[in-house]
Amino acid sequence: MKKIEAIVKPFKLDEVKNALTKIGVQGMTITEVKGFGRQKGHTEVYRGAEYTIDFIPKIKIDLIVSDELVPGVIEALERAARTGKIGDGKIFLSPVEEVIRIRTGERGKDAI
Amino acid sequence: MKKFVYLLIASCFLIAPAVFAETAPPSSPKVDTGDTTWLLISSALVMLMTPGLALFYGGMVRQKNVLGTIMQSFIALGVITVQWVLYGYSLAFGPDIGGVTGSLDWIGLRGVGLDPHPDYSPTVPHQAFMIFQMMFAVITPALITGAFAERFKFKTYLVFLILWATFVYDPLAHWVWGVGGWIRELGALDFAGGLVVHISSGIAALAATFVVGKRKGYGEEPMPPHNLTMTLLGAALLWFGWFGFNGGSAIASGSLATSAFVVTHISSAAAALSWMIFEWRYRGNPTALGAASGAVAGLVAITPASGFVGPMSAILIGFVAGVLCYFAINLKMKLRYDDSLDVVGVHGVGGTWGALATGLFASKTINPAGNDGLFFGNPSLLAIQALTVLVAWIYSFVVTLVLLKILDWTMGLRVSEEHEINGLDLSQHGETGYSF
């Protein structure tokens, strides 16, 4: 089992969600986050006062998937979230030791 | 504070017997119902401008100060209403003493009844005129609060409201509008308050930025507006209320009110456009805040001229107001003054332009009771307007400076540094604006 964290542009969320459910992903958790990478922030001007906004809004998607789904999920994420412009985001992949479904007590792959 | 409240209550009792003794006379047949209707509606429209201003300012501050900022405007409705009834109206409009102040004959609204007043409101009950003027007295000091937003102590602010109304607004209103007031006698034209409302508050704001000082972190950390939709809603309410502000200043329904209503709208529209266009040209974006600020600048500028100019003049007045005020607030950024919400740039500069523009564009064909301006063949009006602008500038600046200095020594103007960091909402009012 793997945990996939993807940080994407907020307006791409719907496309990404549809692409993932299409290939069999059954659940996901999203969080509104702020941060910067190479894209850096932007400036806003209010009545002549210029402010640099360092942290720009992104959506973080958390998924736990079984190993065989991983390549498909990554491919779907890349395809759906890409605009080709700076700031498209990143995908992080890490191993997951255990998953437990609270309602039934199921463990491992069955609990995903 | 306690002493002050007791004093206030005691003074109510002192004045009350005199007022109750005077049973309201039956309204006289001279009252015109159409005029009265329009003046009462106008009073309600102008009342709505103060909460509108609260939203306009409230959206421009940081989230932690939204209630503190809104309260500074909102509570003026409470404080100034009582002050106006007790003695403010009498100081401003009561029987003249030497051209400089009203007497105290009308304290507690003694003698301010339901008959028309021959000079101020010949076809409308005197009390209707009184409450219409009250709404102007309420919003004017509230306008100043934008200059010291996000750092002023609420308790000191309440005392400042009373002092400023007593020593700046009431005398100026008497000079310009009171029968026998010396600026009125001079022949200066101020239809709805360019001098009395906008120059007085705009220049008081300039004095306040000097005495109060910058916000902590000004120029170093970002202080962007937290809710511009609120600001736009506030600007819309101001625009709406301004029809009463200027249209109502005819103190009658009919052609003059219509003319003032029409030019008010035109000037606001033209200024919204010009501010937006210039900001677009110099900063790359046509901002919503810019359009809203421009609209308000246009309303400010047409205020003194609204009863004396025609539609084409209104377009010019508004267009120039948007440009002038836009450049004024940019100049502030260069000079590094923390006039936080641009009261000087919008009301001081816009009001000054409006008062001078009245001397340029006024025409007797619009209002025979007015005068002709420079462009209609009479240069002397412009000189009178310039002189009175100068007087209003100096008077408001000096008196506001003195009042604030005294308050600084006695009560302190600013909240503590810790309170400023935590925000006015929690430190001054013990509540927060949002919880979602």
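A note on names: the letters A, B, ... follow the listed sequences, proteins ahead of strands, and every chain is numbered from 1.
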Chain A contacts, top residue of B:Met60, B:Lys332, B:Met223 (heavy-atom pairs, under 4.5 Å): B:Met223
Side chain B:Ser267, main chain B:Thr264, donor-acceptor under 3.5 Å: no
Per-residue contact mode, B:Asp342 against chain A (heavy atom under 4.5 angstrom): both
Closest non-hydrogen atom pair between A:Asp67 and A:Met1, with its separation: OD1-N, 2.9 Å
Heavy-atom pair with the smallest gap, counting every atom of B:Gln428 and B:Val415: NE2-CG1, 3.1 Å
Nearest heavy atoms of B:Glu420 and B:Glu150, plus distance in Å: CG-O, 3.7 Å
Contact leader toward chain A among B:Gly284, B:Pro224, B:Gly290, where contacts are heavy-atom pairs under 4.5 Å: B:Pro224
